[in-house]
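Input: a single structure, listed below in structure tokens.
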Amino acid sequence: MALLSFQKKLAETVDAALTQLNIPSPGIPTLQSWITIPPSVEKGNLSLPVFRFTPKGENWVLFAQKIVQQLTHTDVFEKFEAAGPYINAFISTAAFNVSIFENTQKAPALPLGDAPLVMVEYASPNTNKPLHVGHLRNIALGVSTARLFEHEGNRVFRTQIINDRGVHICKSMRAYQKWGNGKTPESEKMKSDHFVGTFYVDFTKHAEKDEKLEEEAQQMLLKWEQNDPVVRALWKKMNEWAEKGIFETYEKMGAVFDKNYYESDIYLHGKEVVQKGLEEGLFVKADNGAIMAPLEKKYKVTDKPLVRGDGTSLYVTQDLYLAMKRFEDFPQLEKIIYIVGSEQEMHFKQVFAILDLLGFPQAKKCYHLGYGLVTLPSGKMSTREGTVVNADDLIQELETMAIAEYEKRSPEMAPNEIQRRSKVISLAALKFYLVKQDAKKELVFNPQESISFEGQTGPYLLYTNARIQSILRKSLQKPSIAKSGMLIEKRERELIALLSQKNEIVSSALSHYSPHVLAHYLLELANTFNTYYHETKIIQENSEMEQARLALVQTIHLVLEEGLYLFGIETLKEM
RNA sequence: GGCCCGGUAGCUCAGUCUGGAUAGAGCACCUGCCUUCUAAGCAGGUGGCCGAGGGUUCAAAUCCCUCCCGGGUCGCCA
């Protein structure tokens, strides 16, 4: 029985008591919706405030007492207490513990073939430079969102749009033409996306002094659109480099995709969609020839240009086609989640409105999950000032930190083992740092704090989890859920109360698109466990008690594993 | 100026959707705890007009209104 069933049971019990007292009941579902978890386990497992159904003129403290007197003990509830205006219910320990452990240990059902299909779009890089810490936030949110969807019984299709064309791409290309001298990532011994990125930086630097460069990039784009073989060959070569490097970074972050959409494949089709809308009279032509979508009146968002005055397409042009294509590719799609920075909120409102304007019925199934900008303690990251925190450098730096930590703590450990564990720990630190904060808020990326392994961090959770596994390894007993009724100490009840909330927390993390809710839950669980660990011996003489406690710590271990998995964080058996 | 998001301890953040029992963590600082299941840990202490003012309510960090501060965005960037 899950927590929810106990809540229902309490609501039914109170409802019956009200009936016996001839007091009108607000109804079982309503009573149930008011039930909360008391601030401390000393006050019971469940609590019902009586404010809302105390008859007018009656003192609610007395009213609560009156109801409690009417409540009879059942095999489920061993005690009721009136505490001020609250009715506190104590669930029979054995029944509660056993059912919570069983319920918590139950593995989530794998989504069936006919489960709802959800598309999650995330990452979406440009192929002119390597990923930065902002992309990492996007990836961490994407991985978590996708896994949460799966956990809650959906099939998930992971995708990205690779922005592989446009004037910014031509800038790196032009720079390579001018100063590349036939160099390659291999010849320079550089990660290939970083290699491409150096040319983008070169371009930006030179363009500050040489205005002609911008023009050259524009001309190059024109040639690219005209399929100029020389430009296309260079484009292909450099994009391969960029993409190869970017995918290496994805791999470290656990980002995988079922399908990649390329801007270069679809940008032309966007114009067809717009043209059709124009012919149908849905769009209008501006004086300079630009095609506009009128949205102000019907959708309360500002009008949007769809095609430039010179007939070239915009980002929105392809976004329209891409959405349609995705529903065409996967007609059974229930939902598309676009994980994109919240600075594009207006853009997506407009895109979804235009889709609706075009009579596209799936417009309502599109959702923009915006996340806040990643900034530095010193302010915004800037390419010009060279303050952009590069993803690979960051990952490398974290790993180096972890290695240094191991060399200090365990100098006798084999270097390859240090290497292996450090990789896992540093990635856990990074990923958890990126998801523990509310996605919609700006994230101040503090390098010192992100590499810290203490406190509210991924390594703290890994450490706690490893500690538990060590207990499970060293014990000669087997966990016994059947004996868990013996767990009556305060910390044990606190831990079980936390475990009882796990399912609700996970589904709430998904329904609010707030992975951080789960992150904070895991921290609280780990913290409470560590307190328990210091107070209580788990391996001891009384084998029955040991078996009961093993069931508790094993359940905590499973919840930590499950939670970390949902963040794409790998765990360690030993730390 | 319009719209969106923020403002909670010195710093970084939970809690706000769904009002309810003394407002919570982490970092930093101070004090303790490793011959006993992993000290990347634990316990204790210092630290708060929950941006301001009004309103609703038995009850407001939470709901409503006004204002202030910070960020984002607003027809041819992505």
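So you know, we letter chains A, B, ... as the sequences are listed, proteins then strands, and number each from 1. Values in this document were obtained by computation on a predicted structure and should not be read as measured data.
A salt bridge does not link Glu570(A) with Lys423(A): none of the charged nitrogens is closer than 4.0 Å to a carboxylate oxygen.
Each of Val307(A) and Asn527(A) was assigned the nucleotide of RNA chain B with the nearest heavy atom; the assignment lying further toward the 5' end belongs to Asn527(A). Both Leu523(A) and Leu443(A) lie near RNA chain B, and the one whose nearest nucleotide falls closer to the 5' end is Leu443(A).
What separates NZ of Lys304(A) from P of A78(B) is a distance of 9 Å, to the nearest Å. Rounded to an integer number of Å, the gap from CD1 of Ile471(A) to C1' of U38(B) is 9 Å. For the pair Lys440(A) NZ and C3(B) P, the computed distance is 19 Å after rounding to whole Å. Between Asp438(A) atom CG and U8(B) atom C1' there is a gap of 14 Å when expressed in whole angstrom units. Between the C1' atom of A25(B) and the CG atom of Leu498(A) lies a distance of 14 Å, rounded to the nearest Å. Taking atom OH on Tyr371(A) and atom C1' on C13(B), their separation rounds to 20 Å, with Å as the unit. If you take NE2 of His520(A) and C1' of A25(B), they are 8 Å apart, rounded to a whole angstrom. Summarising the geometry, the separation between OH on Tyr533(A) and P on G41(B) is reported as 13 Å, rounded to the nearest angstrom.
Nucleic acid contact for Lys537(A): base, since at least one base atom lies under 4.0 Å from a heavy atom of the residue. Residue contacts shown for Gly309(A) include a base, since a base heavy atom lies under 4.0 Å away. Contact annotation for Thr528(A): no contact, since no heavy-atom pair falls under 4.0 Å across all strands. Among the protein residues, Thr531(A) comes within range of the sugar-phosphate backbone only, with heavy atoms under 4.0 Å from sugar or phosphate atoms but none that close to a base. Within the 4.0 angstrom heavy-atom criterion, no nucleotide atom of any strand lies near Glu535(A). Among the heavy atoms of the strands, none lies under 4.0 Å from Asn59(A). Residue-level contact check: Pro85(A) touches neither bases nor backbone, having no heavy atom under 4.0 Å from any strand. Thr457(A) comes within 4.0 angstrom of nothing in the nucleic acid, heavy atoms only.
Remark: Ser475(A) is not in phosphate contact with C37(B), judged by side-chain N or O atoms under 4.0 Å from OP1 or OP2. For Gln456(A), no side-chain nitrogen or oxygen approaches OP1 or OP2 of A25(B) to under 4.0 Å. Listed pair His516(A) / G15(B) meets the phosphate criterion, a side-chain N or O lying under 4.0 Å from OP1 or OP2. Between U12(B) and Lys436(A), no contact under 4.0 Å exists linking OP1 or OP2 to a side-chain N or O. In this model, the phosphate group of C42(B) is approached by a side-chain N or O of Asn530(A) to a distance below 4.0 Å at OP1 or OP2. Between Tyr463(A) and the phosphate of A40(B), there is a side-chain N or O to OP1/OP2 separation shorter than 4.0 Å. Residue Arg52(A) places at least one side-chain N or O closer than 4.0 Å to OP1 or OP2 of G19(B). Between Lys441(A) and G7(B), a side-chain N or O to OP1/OP2 separation shorter than 4.0 Å is present.
Closest to the side chain of Asp303(A), from the set G75(B), U38(B), A78(B), is G75(B). For Met346(A), the listed nucleotide lying nearest its side chain is G2(B); candidates were G2(B), C13(B), G20(B). Of all nucleotides listed (C76(B), G15(B), C13(B)), C76(B) comes nearest to the side chain of Arg308(A). When distances run from any side-chain atom of Glu454(A) to the nucleotides G20(B), A43(B), A40(B), the shortest one goes to A40(B). Closest approach to the Glu574(A) side chain among C13(B), C58(B), U38(B) is made by U38(B) (side chain taken as heavy atoms from C-beta onward). In this structure, the nucleotide among A78(B), G19(B), G72(B) sitting nearest to the side chain of Glu343(A) is G72(B). If you check A78(B), U12(B), A40(B) against the side chain of Ile425(A), the one that comes closest is A40(B). Here G41(B) is the nucleotide among C37(B), G41(B), G75(B) with the atom lying nearest to any side-chain atom of Arg467(A). In the set G75(B), C37(B), A21(B), A21(B) carries the atom at the smallest distance from any side-chain atom of Lys43(A). Listed candidates were A40(B), G72(B), C4(B). Nearest to the side chain of Arg409(A) is A40(B).
Judged by distance alone, the side chain of Gln350(A) and the main-chain N or O of Thr302(A) form a donor-acceptor pair under 3.5 Å. Between the Ser475(A) side chain and the Leu472(A) main chain, no donor and acceptor come within less than 3.5 Å of each other. Counting only distance, with no hydrogens or angles, the side chain of Asp303(A) and the backbone of Glu296(A) share a donor-acceptor pair below 3.5 Å.
Aromatic ring pairs are classed by plane angle as parallel below 30°, tilted from 30° to 60° and perpendicular above 60°; the pair Phe352(A) and Tyr338(A) is tilted. Below 30°, between 30° and 60°, or above 60°: for Tyr267(A) and Trp224(A) the angle between ring planes is between 30° and 60°, a tilted geometry. Note on ring orientation: taking the six-membered ring where Trp is involved, the planes of His520(A) and His516(A) are perpendicular (angle over 60°, cut-offs 30° and 60°).
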Per-pair distances, 0.1 Å, donor-acceptor, side chain in residues 310-317 of chain A, under 3.5 Å, sequence neighbours excluded:
from	atom 1	to	atom 2	distance (Å)
Asp310(A)	OD1	Thr312(A)	N	2.9
Asp310(A)	OD1	Thr312(A)	OG1	2.6
Thr312(A)	OG1	Arg308(A)	NH1	2.9
Thr317(A)	OG1	Leu306(A)	O	2.6
Thr317(A)	OG1	Leu314(A)	N	2.7
Thr317(A)	OG1	Leu314(A)	O	2.9

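Side-chain atoms of Asn288(A) and base atoms of C76(B) include a donor and an acceptor less than 3.5 Å apart. Taking only distance into account, the side chain of Thr464(A) never meets the base of A40(B) through a donor-acceptor pair shorter than 3.5 Å. Judged by atom type and distance alone, Asp319(A) does not reach the base of A78(B) through any side-chain donor-acceptor pair under 3.5 Å.
Within the shown strands, G55(B) is the pairing partner of C63(B) under the Watson-Crick or G-U definition, both distances less than 3.5 Å. Partner assigned to A21(B) is none, using Watson-Crick or G-U wobble distances below 3.5 angstrom. Here G1(B) sits opposite C74(B) as a Watson-Crick or G-U wobble pair (both hydrogen-bonding atom distances under 3.5 Å). Across all strands shown, U31(B) is found opposite A43(B) as a Watson-Crick or G-U wobble partner, with both distances under 3.5 Å. Across every strand in view, U36(B) sits unpaired, with no contact that passes the Watson-Crick or G-U test at under 3.5 angstrom. Of all nucleotides present, only C69(B) satisfies the Watson-Crick or G-U wobble test against G6(B), with each distance under 3.5 Å.
The glycosidic torsion of C49(B) lies more than 90° away from 0, which places this base in the anti conformation. Syn is the glycosidic conformation of G75(B), whose angle stays within 90° of 0.
No hydrogens or angles considered: nothing links the side chains of Asp164(A) and Thr127(A) as a donor-acceptor pair under 3.5 Å.
Put simply, Tyr460(A) does not rest on the base of A40(B): the two rings are not both less than 5.5 Å apart at their centres and under 30° in tilt.
Cation-pi check for Arg137(A) over Tyr371(A) is not met; the charged atom does not lie both under 6.0 angstrom from the ring centroid and within 45 degrees of its normal.
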